[in-house]
Enquirer: 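Handing you a structure now.
In what follows, chains carry the letters A, B, and so on, assigned in the order in which the sequence lines appear, proteins first and then strands, with residues in each chain numbered from 1. Worth saying up front: this structure is predicted, and the values here are computed from it rather than measured.
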Amino acid sequence: MADSKSLTPRAQDFSAWYNELIMRAELADYSPVRGCMVIRPNGYAIWEQMQRALDDAFKATGHQNAYFPLFIPQSFLSKEAEHVEGFAPELAVVTHGGGKELEEPLVVRPTSETIIYAMFSKWIQSWRDLPMLMNQWANVVRWEMRTRLFLRTTEFLWQEGHTAHATEAEAEEETLMILGLYRRFMEEWMAMPIVTGPKTAAEKFAGALRTYSCEAMMQDNKALQAGTSHNLGQNFAKAFDVTFQTADGGLAHVWNTSWGVSTRLVGGLIMTHGDDNGMVCPPRLAQWQVVIVPIWRKDEEREATFAAAADLQQQLRSAGIRVTTDLRDMKPGAKYYEWEARGAPFRLELGPRDIAAGTAMLARRLGGKEPIPMEGIVARLQDEMATMQQALFDAAVARREAASLRGPKSKEEFIAFLEGNGGFVYAGWCGDPAVEAEIKEQTKATIRCLPDPEFRSPVTPTTCIWTGRPAVAEALWARAY
RNA sequence: CGGGGCGUAGCGCAGUCCGGUAGCGCGUCCGCUUUGGGAGCGGAAGGUCCCGGGUUCGAAUCCCGGCGCCCCGACCA
């Protein structure tokens, strides 16, 4: 750290800034177990807000929560060839239990397709049982070689949705519906703009027919895969014999989907909005949207300001604003710095002068401080929150567009852009996986997705940026987390 | 698994070259004074110097052997 009071500036060392911010805001801490993290109350509160919003959205679209076991028989993983190949290197395997070696090792779930579809095969008999729409909130384990707080840890928290449908079209519709749901959540709650679209074969989920992803750009111009939605086709249905009797008396395999977002989103939130003073949390996800800081000099003032603060808190709380009052015996300035580092959107300072004037001093996390009248303060704060939520989103979109290159004229320009400050490059691709691999090898950039129509460039590229051959799609290239 | 760095108080470090029984800053606790942007003074607590062995009258320091962590590369939400 530059000194004990300020964070390393983003421009100087983005990675150090990120780690220091997490420690300063007390979002998480390193655990005694390599590669694992402890999510501290301040960080977990953000995850809980995310969970609530997403869970409501899943329920509103007909999904139910369930819980499947942490341990999966090792043989289950092997049933889908591509799936096992994709996950084998990062599995944690339990070989002993109760002091004895197990007859069959148990895998600690890296994801739950296998055990869930094994159960689906019991529960689904008829077309009347479809669609089956389920979600679970769980922890998963993937033995990563290199980890980073929130972004990649050996154990992480997520939700995984799993559905079964009668037709391929219904499965595709579900996959895309969830992609849209994720997009709305990321834009409207996280104020984090994303680009959606299908992954290439090389980047898709092991075992999926197609993977669609949400790609966000962080402040260091690197891409973050923020969520994925998979159309699994009938791959798992065939491996786990998930069949149903059709309306016309036939027998068919179901069509599955799976989709997930994880605690990685907290990392995305930090790297989208955080500044050199610390965390910046969008009001809709903030644990405390407003923090009241009472100010006093003498004991009499102390009592008066505490009473006024209690009244104010009650008023805001009953209006549905998440508010807390910082009564600790510290210098007010110290409290300001602390709440700013934690990302609290708004602070209301309340002292004798304010009380006498019938005002409170409003300080915005994004900057600016002014007295506002107590009269109508609820409406004023709600308005301020909406403004901030929108301002964060607009700023993130502007930052992303400023760091995006559409239609590079040449391979050289393409490479130079990626090797400079980086960002998103939109360019034509011939569809050859070998070219994709070669570009990754040379530039460390991967195809994040083939952007959906609304994210594509006004001028459609006709040739591949690398080979000059006819382009099959416009691809979004970037270096990624 | 390769390359580099590091293990000393809760955190950050000095002390190691040249052996003499452990210190600084921040934080923590108590008291008084303070409190509108990171308070001041006084007092106090807190250490298997990563582990094991060896050399020595004596080891944080020297020797041998382990272990762990961080950073950079190969896998990934």
Enquirer: Does B/G46 have a Watson-Crick or wobble mate here (both distances under 3.5 Å), and if so which one?
Expert: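 Check on B/G46: unpaired, no WC or wobble geometry under 3.5 Å.
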Enquirer: So which pairs with a foot in residues 204-223 of chain A pass salt bridge (charged side-chain N to carboxylate O under 4.0 Å, His left out), sequence neighbours left out?
Expert: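 Listed once each, the pairs are A/Glu82-A/Lys204, A/Glu172-A/Arg210, A/Lys199-A/Glu215, A/Glu215-A/Arg448.
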Enquirer: Ignoring hydrogens, what is the shortest heavy-atom contact between A/Gln136 and A/Ala66? Give both atom names and the distance.
Expert: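 Shortest heavy-atom contact: CB-O, 3.0 Å.
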Enquirer: For side-chain contact (heavy atoms from CB on, under 4.5 Å), just list the numbers for A/Trp288 and A/Val323, CA-CA rounded to whole Å, side-chain angles, deciding distance to a tenth of an Å, and then say yes or no.
Expert: CA-CA 5 Å; A/Trp288 304 120; A/Val323 55; 5.6 Å; no
Enquirer: Looking at A/Arg52, I want to see if its CZ is surrounded by more than 12 non-hydrogen atoms of other residues, nucleotides or ligands under 6.0 Å.
Expert: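 Check fails, neighbour count at 12 or below.
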Enquirer: Rounding to a whole Å, what distance do you find between A/Lys335:NZ and B/A39:C1'?
Expert: 14 Å
Enquirer: Please report the distance, rounded to the nearest Å, between OH in A/Tyr18 and C1' in B/C71.
Expert: 17 Å
Enquirer: Do you see a donor-acceptor pair shorter than 3.5 Å between the side chains of A/Trp137 and A/Gln51?
Expert: no
Enquirer: Side chain to side chain contact (heavy atoms under 4.5 Å, CB included) with A/Trp259: which of A/Gln159, A/His230, A/His162?
Expert: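 It is A/Gln159, the one option of A/Gln159, A/His230, A/His162 that forms the side chain to side chain contact (heavy atoms under 4.5 Å, CB included) with A/Trp259.
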Enquirer: Any idea which of B/A74, B/A77, B/G37 is nearest the A/Met145 side chain?
Expert: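 So the side chain of A/Met145 is nearest to B/A74.
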Enquirer: Quote, to the nearest angstrom, the C1' distance that separates B/U55 from B/C62.
Expert: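 Roughly 8 Å separates the two C1' atoms.
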Enquirer: Could you state the CG-C1' distance from A/Leu157 to B/A77, rounded to the nearest angstrom?
Expert: 13 Å
Enquirer: Heavy atoms only, 4.0 Å cut-off, all strands: where does A/Thr305 land among base, sugar-phosphate and nothing?
Expert: nothing
Enquirer: Ring of A/Trp296, cation from A/Arg302 - is the NZ or CZ under 6.0 Å from the centre and inside 45° of the axis?
Expert: yes
Enquirer: For B/G58, what is the paired nucleotide under Watson-Crick or G-U wobble rules, both distances under 3.5 Å?
Expert: none
Enquirer: Could you tell me how the ring of A/Phe14 sits relative to the ring of A/Trp17: parallel (under 30°), tilted (30 to 60°) or perpendicular (over 60°)?
Expert: tilted
Enquirer: Counting only heavy atoms not in A/Asp56, do more than 12 sit closer than 6.0 Å to its CG atom?
Expert: yes
Enquirer: Just name whichever nucleotide pairs with B/G10, Watson-Crick or G-U, keeping both distances under 3.5 Å, else none.
Expert: B/C26
Enquirer: Measure CD/A/Glu338 against P/B/A39 and give the value in whole Å, please.
Expert: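 Nearest whole value for this atom pair: 12 Å.
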Enquirer: Suppose we define a pair by two distances each less than 3.5 Å, Watson-Crick or G-U wobble; what does B/C41 pair with here?
Expert: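 Pair assignment: B/C41 / B/G31.
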Enquirer: Protein-nucleotides 67-70 of chain B N/O pairs closer than 3.5 Å?
Expert:
from  : atom 1 : to      : atom 2 : distance (Å)
B/C70 : OP2    : A/Arg34 : NH1    : 3.1

Enquirer: Any salt bridge between A/Lys59 and A/Asp55, counting N to O under 4.0 Å?
Expert: yes
Enquirer: Give a yes or no on whether a salt bridge exists between A/Arg10 and A/Glu20, defined as a side-chain N under 4.0 angstrom from a carboxylate O.
Expert: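 No.
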Enquirer: Please report, rounded to the nearest Å, how far the C1' atom of B/G38 is from the CZ atom of A/Arg24.
Expert: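 Going from CZ in A/Arg24 over to C1' in B/G38 covers 10 Å.
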Enquirer: How close or far is atom P of B/A77 from atom CD of A/Glu155, stated in whole angstroms?
Expert: 18 Å
Enquirer: Any salt bridge between A/Glu338 and A/Arg347, counting N to O under 4.0 Å?
Expert: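 Salt bridge: no.
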Enquirer: Does any nucleotide pair with B/A74 by Watson-Crick or G-U wobble geometry, both distances under 3.5 Å, and what is it?
Expert: none
Enquirer: So if I take residues 213-229 of chain A and measure heavy-atom distances to RNA chain B, which residues fall below 4.0 Å?
Expert: A/Gln225
Enquirer: Can you tell me how far C1' in B/G2 sits from the matching atom in B/A59, rounded to whole Å?
Expert: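 Their C1' atoms lie roughly 34 Å apart.
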Enquirer: Does the structure place the NZ or CZ of A/Arg142 under 6.0 Å from the centre of the six-membered ring of A/Trp158, at an angle of no more than 45° from the ring's axis?
Expert: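 Yes, a cation-pi geometry.
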Enquirer: Between A/Gly207 and A/Asn235, what is the shortest heavy-atom contact and its length?
Expert: O-ND2, 2.9 Å
Enquirer: Using the C1' atoms only, state how far B/U48 lies from B/C41, rounded to an integer number of Å.
Expert: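 These two C1' atoms come out 36 Å apart once rounded.
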Enquirer: When the C1' atoms of B/A39 and B/C51 are compared, how many Å lie between them, rounded to an integer?
Expert: 44 Å
Enquirer: Could you tell me whether A/Arg148 contacts a base, only the sugar-phosphate backbone, or nothing, with contacts defined as non-hydrogen atoms closer than 4.0 Å?
Expert: nothing
Enquirer: Starting at CZ of A/Phe87 and ending at P of B/A77, how long is that distance when rounded to a whole Å?
Expert: 7 Å
Enquirer: Report each atom pair, protein N/O against N/O of nucleotides 41-47 of chain B, whose distance is under 3.5 angstrom.
Expert:
none

Enquirer: Taking the six-membered ring where the residue is Trp, are the ring centres of A/Phe185 and A/Tyr182 under 6.0 Å apart?
Expert: no
Enquirer: Say you pick atom C1' in B/C1 and the same atom in B/A45; how far apart are they, in whole Å?
Expert: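 The same atom, C1', in both gives a distance of 46 Å.
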Enquirer: When you check the gap from the basic side-chain N to the acidic O, do A/Glu349 and A/Lys369 get nearer than 4.0 Å?
Expert: yes
Enquirer: With rounding to the closest Å, how many angstrom separate the P atoms on B/G7 and B/C49?
Expert: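 Here B/G7 and B/C49 have their P atoms 15 Å from each other.
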Enquirer: My understanding is that a pair needs two contacts under 3.5 Å, Watson-Crick or G-U wobble. By that rule, which nucleotide pairs with B/C69?
Expert: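 Paired with B/C69, as far as the under-3.5 Å criterion goes, is B/G5.
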Enquirer: Look at the side chain of A/Glu340 and the base of B/G38, then say whether one donor and one acceptor between them are separated by less than 3.5 Å.
Expert: no
Enquirer: Measuring only the C1' atom in each nucleotide, how far is B/U56 from B/G25? A whole number of Å is fine.
Expert: 35 Å
Enquirer: Strictly under 4.0 angstrom, non-hydrogen atoms only: write out the protein contact profile of nucleotides 6-13 of chain B, one letter per nucleotide from the 5' end, B, S or -.
Expert: --------
Enquirer: Atom CG of A/Asp13 to atom P of B/C71: distance rounded to whole Å?
Expert: 11 Å
Enquirer: Can you check nucleotides 31-36 of chain B for protein contacts, nitrogen or oxygen pairs under 3.5 Å, and list what you find?
Expert:
from  : atom 1 : to       : atom 2 : distance (Å)
B/U35 : OP1    : A/Arg297 : NH1    : 3.1
B/U35 : O2'    : A/Trp296 : O      : 2.9
B/U35 : O2     : A/Met330 : O      : 3.4
B/U35 : N3     : A/Asp329 : OD1    : 3.4
B/U35 : O4     : A/Trp296 : NE1    : 3.4
B/G36 : OP1    : A/Lys331 : NZ     : 2.9
B/G36 : O6     : A/Pro352 : N      : 3.1
B/G36 : O6     : A/Arg353 : N      : 2.7
B/G36 : N1     : A/Asp354 : OD2    : 2.4
B/G36 : N2     : A/Asp354 : OD2    : 2.9

Enquirer: Could you report the tightest heavy-atom contact between A/Pro345 and A/Met388, atom names first, then the distance?
Expert: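 Result for this residue pair: CB-SD, 3.5 Å.
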Enquirer: Determine the interatomic distance between P on B/C18 and the same-named atom on B/C64; round to the nearest Å.
Expert: 15 Å
Enquirer: Closer than 4.0 angstrom, basic N to acidic O: yes or no for A/Lys440 and A/Glu436?
Expert: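 Judged by the 4.0 Å cut-off on N to carboxylate O distance, A/Lys440 and A/Glu436 do not form a salt bridge.
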Enquirer: I'd like to know if A/Glu340 pairs up with A/Arg365 as an ion pair, taking the criterion as any Lys NZ or Arg NE/NH1/NH2 lying under 4.0 Å from an Asp or Glu carboxylate oxygen.
Expert: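 Between A/Arg365 and A/Glu340 there is no salt bridge, as every charged N stays at least 4.0 Å from the carboxylate O atoms.
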